[in-house]
Protein chains: 2
Amino acid sequence: MTKIRAGRHGTKKDTIIQKAAALFRIKGFNAASMRELADSMGVEAPSLYNHIGSKSEILQAICFSIAEQFTTHLLWTEQTEMTGLSRLEAVIRFHIRMMLEHYDEVYVANHEWKCLKEPYLGNFLNQRRQYEKRLAAWVETGIRKKEFRVANPYVAVLTFLSALRGLELWLRHKKNFSADELKNDMVNLLLRGLIN
Amino acid sequence: MTKIRAGRHGTKKDTIIQKAAALFRIKGFNAASMRELADSMGVEAPSLYNHIGSKSEILQAICFSIAEQFTTHLLWTEQTEMTGLSRLEAVIRFHIRMMLEHYDEVYVANHEWKCLKEPYLGNFLNQRRQYEKRLAAWVETGIRKKEFRVANPYVAVLTFLSALRGLELWLRHKKNFSADELKNDMVNLLLRGLIN
DNA sequence: CTACAAAACTAACATTTATTAGTTTTTATG
DNA sequence: CATAAAAACTAATAAATGTTAGTTTTGTAG
């Protein structure tokens with residue numbers, strides 16, 4: 001009879017969620033079973049229910065924790081960085097940091113949100129749309145100030161966010177890389193372009 | 001007793017695969033059931049098995065059809081376009097066209113490949129890696145010819161591909177847009193950068 | 001019209017799944 | 001040590017799923 005260990009910085013529920021994120025990332029939410037999750041902790045499946053309410057609840061915890069961190073950082077950046085360039089640079093740096101420090105959770109939030117149940121699904125999508133809108137407002141401001149050139153701000157935002165989501169591909173390839181180097185490359189590429 | 005209609009340009013199996021792509025895109029492969037798929041065609045689930053071998057087979061058909069189209073186009077581009085810029089531009093244009101004309105299939109191939117079973121999963125990933133490698137070779141050549149500036153060609157390729165994958169976000173938003181306009185925006189953004 | 005093949009149907013099965021109920025073991029507190 | 005709470009266990013359930021078997025209907029060719 002193994003026991004679920006509470007991590008140094010969290011409850012046993014947090015430990016379950018963390019393990020679940022790793023499992024969901026590898027197998028996908030639907031394909032990952034509670035039995036597997038329990039197995040990965042050396043425990044029987046029903047034991048998990050002493051700590052969590054349901055499988056769905058775990059996914060909700062993952063998605064909203066991540067969403068909240070991104071939103072919070074966006075608002076913070078808005079008040080600390082004033083130029084479009086420095087703001088977008090801050091966003092890139094934060095996405096890289098999140099991807100490095102919370103790979104599983106970020107991946108799951110990006111790929112398995114569709115498995116959320118209402119009203120959480122709608123909620124999550126709303127939060128994302130808000131994020132995109134605020135970012136688009138930055139770009140629009142930058143365009144007005146002649147800082148950026150771009151025809152459609154939404155094209156820029158969606159391209160930008162997609163490219164950042166692609167950071168996961170980078171980690172998947174498991175190349176050895178420095179976060180700073182990666183950040184510089186992406187800033188140069190997205191903001192200054194590929195062409196010499 | 002409804003019957004499965006064979007489309008003008010394909011067998012009944014093709015019709016099933018097309019409907020399945022739409023369903024898989026909306027609900028995800030695992031969450032979509034054969035009964036739902038049958039329902040969407042006004043038929044009972046077992047009837048599908050007169051035309052297809054298994055649920056997995058449908059996913060395989062979708063993923064490999066799309067992968068093959070992209071690979072074929074890449075090779076074609078390599079022989080018809082000679083500068084790095086014109087090649088990447090051709091890739092952007094093709095991705096946009098594929099996304100417009102085969103939205104469901106492209107989306108499913110991008111998001112549900114993890115549900116493929118071996119050896120198809122490994123096969124699919126290999127094909128993708130080859131695609132990435134070939135694209136990286138283009139960029140490397142471009143760097144050598146001083147056509148591109150970029151520190152790490154792989155950062156460029158993965159960023160590029162991620163941004164293109166993000167075209168789906170654009171379609172999801174259902175803005176009215178012209179494909180040409182979109183193409184021009186993305187070329188400018190990715191190749192010339194956001195900064196003025 | 002007949003006969004054969006294609007393709008639909010109904011019924012059922014074997015598995016897998018998340019989850020609950022009830023019980024026993026462990027841990028912590030007095 | 002005794003007692004209570006926390007957390008593990010076993011057993012079981014209800015629902016859903018992909019798929020098969022066997023049968024009936026539909027469409028087509030001679």
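As a basis for the values below, the full set of heavy atoms in this structure was taken, side chains included, without hydrogen atoms, waters or symmetry mates. Letters A, B, ... are given to chains in the order of the sequence lines, protein chains preceding strands, and every chain is numbered from 1.
As a whole-Å value, the separation of B/Met34 CE from C/dA12 C1' is 17 Å. Look at CD on A/Glu36: it is 13 Å from C1' on C/dA18, rounded to the nearest Å. Straight-line distance from the CG atom of B/Leu37 to the C1' atom of D/dT19: 14 Å, rounded to whole Å. Atom NZ in A/Lys13 sits roughly 15 Å away from atom P in D/dA8 (whole-Å rounding). With rounding to whole Å, B/Asp39 atom CG is found 14 Å from C/dC9 atom C1'. When rounded to the nearest whole Å, the span between CD1 of A/Ile58 and C1' of C/dT17 equals 14 Å. If you measure from atom CE of A/Met41 to atom C1' of D/dA8, you get 13 Å, rounded to the nearest angstrom. For the pair B/Lys12 NZ and C/dA5 P, the computed distance is 16 Å after rounding to whole Å.
The phosphate of D/dT17 has neither OP1 nor OP2 within less than 4.0 Å of any side-chain N or O from B/Lys55. One finds a side-chain N or O of B/His51 lying less than 4.0 angstrom from the OP1 or OP2 phosphate oxygen of C/dA8.
Using modelled atom types, no side-chain atom of A/Thr71 and backbone atom of A/Glu68 make a donor-acceptor pair closer than 3.5 Å. With B/Thr141 contributing its side chain and B/Ala137 its backbone, the two residues share a donor-acceptor pair below 3.5 Å.
Judged by distance alone with a 3.5 Å cut-off, no donor-acceptor contact links the side chain of A/Asn50 to the base of D/dA6.
Residues satisfying the side-chain hydrogen bond (donor to acceptor under 3.5 Å, both in side chains) criterion with A/Thr77, sequence neighbours excluded, are A/His73.
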Kindly indicate, with the supporting measurements, whether the criterion salt bridge (charged side-chain N to carboxylate O under 4.0 Å, His left out) is fulfilled by A/Arg25 and A/Glu112.
CA-CA 8 Å; A/Arg25 174 181 70 79; A/Glu112 307 293 332; over 6 Å; no
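Across all strands shown, A/Ala32 has heavy atoms under 4.0 Å from sugar-phosphate atoms exclusively, and none from any base.
Other residues, nucleotides and ligands contribute over 12 non-hydrogen atoms within 6.0 Å of the CZ atom of A/Arg93. The environment of A/Lys19 atom NZ is sparse: at most 12 non-hydrogen atoms of other residues, nucleotides or ligands sit within 6.0 angstrom.
When B/Trp76, B/Phe94, B/Phe64 are each tested for a ring pair (Phe, Tyr, Trp, His ring centres under 6.0 Å) with B/Phe70, only one passes: B/Phe94.
Using modelled atom types, one finds a donor on one side chain and an acceptor on the other under 3.5 Å when comparing A/Ser86 with A/Thr83.
For the helix from C/dC1-D/dG30 to C/dG30-D/dC1, the terminal axes (five pairs an end, C1' atoms, rotation from four pairs onto the next four) enclose an angle of 10°, given to 10 degrees.
By the 6.0 Å and 45° rule, B/Lys55 does not stack over the aromatic ring of B/Tyr49.
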Polar atom pairs (N or O), protein with nucleotides 10-13 of chain D, under 3.5 Å:
none

